[in-house]
Amino acid sequence: MLIKAEGLSKVYGGGENKVTALHRANLQIAEGDFISIMGPSGSGKSTLLHLLSGLDFPTEGRLSYDGKDIYGLNDKELSAFRRRRIGFIFQQFHLLPVLTARENILMPLLLDRRQADPAYLEELAAMLGISDRLTHLPHELSGGQQQRVAIARALIAGPDVIFADEPTGNLDSRSGAEVMKMLGDIRSRMNKTLVVITHDSRIAQMAERRLVIMDGILTEEGVAGR
């Protein structure tokens, strides 16, 4: 799978209130890439992630997955595309408090009216070290365990690419390092594409490709003009 962003810009407001959150970003993401995008708060990191994943629309520019412009899809088609091909991990775990870990993990499949593969669920749970926590409610889990459940939920539908927005932001340094190591291991074993948004240089250095965004301008470390 090849993701190609060309001239992506996002502008909010107008006149004196005009804010350019992202300015003509160009980026290619190939199958199996592990990319970090680093920048301070307000630099445009989350805006870029929302555009790359189809959660928001640009003011101008084009985004294609395998040559298909996803901004040309209608709402129903775009929602289905995101459910089936993209996994999301956020700083806030967004687990439903009345559902068990297992039920939270399986939620994307239920929304898509698809049957779960018990063997795949067991494999994910084992890799993430939560096999014995699947019957627990979120409040019975530690922060690190909740984020592992969220990672399993992001992977359960077999997406091509995982977008993670500050995935360790609510964790202590030890739990954060464990979660990132698991993400990297899973990405390697399952040949997933992983794009991580972070403000933490230690996390950014784990990636094979490292990009920086400042004041809406995206550049890639070691690649002039990108």
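The residues of the chain are indexed from 1 along the displayed sequence. Excluded from the calculations below are hydrogen atoms, water molecules and symmetry mates; all remaining heavy atoms, backbone and side chain alike, are included. Because the structure is a prediction, the values reported are computed rather than measured.
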**OP:** Go through the steps to decide whether Met190 and Glu123 satisfy the test side chain to side chain contact (heavy atoms under 4.5 Å, CB included), and finish with yes or no.
**Re:** CA-CA 11 Å; Met190 295 187 166; Glu123 180 185 4; 4.1 Å; yes
Original post:
Hey, mind stepping through Val149 and Phe93 against side chain to side chain contact (heavy atoms under 4.5 Å, CB included) and telling me if it holds?
Top reply: CA-CA 8 Å; Val149 170; Phe93 312 129; over 6 Å; no
**OP:** Check whether any side-chain heavy atom of Ile105 lies under 4.5 Å from a side-chain heavy atom of Ile130, and answer yes or no.
**Re:** yes
**OP:** Would you mind reporting whether Leu121 and Arg102 have side-chain heavy atoms less than 4.5 Å apart?
**Re:** yes
Original post:
Under 3.5 Å, is there a donor-acceptor pair between the side chain of Lys45 and the main chain of Thr198?
Top reply: no
Subject >> Interatomic spacing from CG in Asp33 to CZ in Arg187 - rounded to 0.5 Å >> reply: 7.5 Å
Original post:
Stepwise, does the side chain to side chain contact (heavy atoms under 4.5 Å, CB included) test hold for Arg210 with Gln205?
Top reply: CA-CA 7 Å; Arg210 295 178 291 277; Gln205 292 301 315; 3.6 Å; yes
**OP:** Using modelled atom types only, decide if a donor and an acceptor are shared between the side chain of Thr168 and the backbone of Leu171 within a distance under 3.5 Å.
**Re:** no
Subject >> Taking every non-hydrogen atom, the tightest pair across Ala164 and Pro167 >> reply: CB-CG, 3.8 Å
**OP:** Could you tell me the separation between the CD1 atom of Ile70 and the CD atom of Glu77, rounded to the nearest 0.5 Å?
**Re:** 11.5 Å
Original post:
For the hydrophobic clusters of this structure (ILVMFWY residues joined by side-chain heavy atoms under 4.5 Å, transitively), does one cluster hold both Val196 and Ile35?
Top reply: no
Original post:
Are any of the side-chain heavy atoms of Met38 and Glu221 separated by less than 4.5 Å?
Top reply: no
Original post:
Counting distance only, does the side-chain N/O of Glu166 pair as donor-acceptor with the main-chain N or O of His199 below 3.5 Å?
Top reply: yes
Original post:
What's the spacing between Leu134 CG and Glu122 CD if we round to 0.5 Å?
Top reply: 9.0 Å
Original post:
Is the backbone N or O of Glu140 less than 3.5 Å from a side-chain atom of Arg133, with the two atoms forming a donor-acceptor pair by type?
Top reply: yes
Subject >> Close side-chain approach of Leu55 and Phe88, heavy atoms under 4.5 Å >> reply: yes
**OP:** Answer yes or no: does atom CZ of Arg24 have more than 12 heavy-atom neighbours from other residues, nucleotides or ligands under 6.0 Å?
**Re:** no
**OP:** Could you grab the distance from atom CD of Glu208 to atom CG of Leu194, nearest 0.5 Å is fine?
**Re:** 9.5 Å
**OP:** Check the hydrophobic clustering (I, L, V, M, F, W, Y; side-chain heavy atoms under 4.5 Å; chains of links allowed) and say if Val161 and Phe34 are grouped together.
**Re:** no
Original post:
Is there a donor-acceptor contact under 3.5 Å from the side chain of Asn170 to the main chain of Gln91?
Top reply: yes
Original post:
Taking side chain as C-beta onward, heavy atoms only, is Asp160 less than 4.5 Å from Glu31?
Top reply: no
**OP:** Would you check if Leu183 and Met206 make a side-chain contact, meaning some heavy-atom pair closer than 4.5 Å?
**Re:** no
Subject >> Hydrophobic cluster identity match, Ile151 and Met107, side-chain contacts under 4.5 Å >> reply: no
**OP:** Check whether Ile156 and Phe81 end up in the same hydrophobic cluster, where Ile, Leu, Val, Met, Phe, Trp and Tyr are linked by side-chain heavy atoms less than 4.5 Å apart.
**Re:** no
Subject >> Heavy-atom pair with the smallest gap, counting every atom of Ile162 and Pro159 >> reply: CD1-CG, 3.6 Å
Subject >> Any donor-acceptor N/O pair, Ser36 side chain to Ala204 backbone, under 3.5 Å >> reply: yes
Subject >> Point-to-point distance, once rounded to the nearest 0.5 Å, from CG of Asp56 to NZ of Lys10 >> reply: 4.0 Å
Original post:
Considering the options Leu48, Leu27, Thr219, which one meets the side chain to side chain contact (heavy atoms under 4.5 Å, CB included) requirement together with Leu211?
Top reply: Leu27
Original post:
Angle class for the Phe90/His94 ring planes (parallel below 30°, perpendicular above 60°, tilted otherwise)?
Top reply: perpendicular
Original post:
Would the number of heavy atoms belonging to other residues, nucleotides or ligands and lying under 6.0 Å from CG of Asn74 be above 12?
Top reply: yes
Original post:
Nearest heavy-atom pair of Ala157 and Arg114: which atoms, and what distance?
Top reply: O-NH2, 3.4 Å
Subject >> Residue from Val212, Ile37, Leu8, Asn26 passing side chain to side chain contact (heavy atoms under 4.5 Å, CB included) with Leu218 >> reply: Ile37
Subject >> Which atom of Thr47 lies closest to which atom of Tyr12, heavy atoms considered >> reply: OG1-OH, 4.2 Å
Original post:
Is the count of non-hydrogen atoms from other residues, nucleotides or ligands lying under 6.0 Å from Asp215 atom CG greater than 12?
Top reply: no
**OP:** Answer yes or no: are there more than 12 heavy-atom neighbours, outside His136 itself, under 6.0 Å from its atom NE2?
**Re:** yes
Subject >> Donor-acceptor contact below 3.5 Å, side chain Asn104 vs main chain Leu96 >> reply: yes
**OP:** Answer with yes or no whether the hydrophobic clustering places Val195 together with Met182; edges join I, L, V, M, F, W, Y residues whose side-chain heavy atoms lie under 4.5 Å apart.
**Re:** no
**OP:** Determine the minimum heavy-atom distance between Leu155 and Tyr120, stating which atoms define it.
**Re:** O-OH, 2.8 Å
Original post:
Thr193 side chain to Gly32 main-chain N or O, any donor-acceptor pair under 3.5 Å?
Top reply: yes
Subject >> Ser175 side chain to Asp172 backbone, donor-acceptor under 3.5 Å >> reply: no
Subject >> Asp200 and Arg202 ion-paired at < 4.0 Å >> reply: yes
Original post:
How are the rings of Tyr71 and Phe57 set relative to one another: parallel (under 30°), tilted (30 to 60°) or perpendicular (over 60°)?
Top reply: tilted
Original post:
Are the side chains of Leu22 and Ile213 in touch, meaning some heavy atoms are under 4.5 Å apart?
Top reply: yes
Original post:
Step by step, would you call Lys4 with Arg62 a side chain to side chain contact (heavy atoms under 4.5 Å, CB included)?
Top reply: CA-CA 8 Å; Lys4 189 174 183 179; Arg62 183 176 185 273; 5.8 Å; no
**OP:** Nearest 0.5 Å please: distance from the CD1 atom of Ile197 over to the CD1 atom of Ile203.
**Re:** 12.0 Å
Subject >> Minimum heavy-atom distance between Arg209 and Gln28, given as atom pair plus value >> reply: NH1-O, 2.8 Å
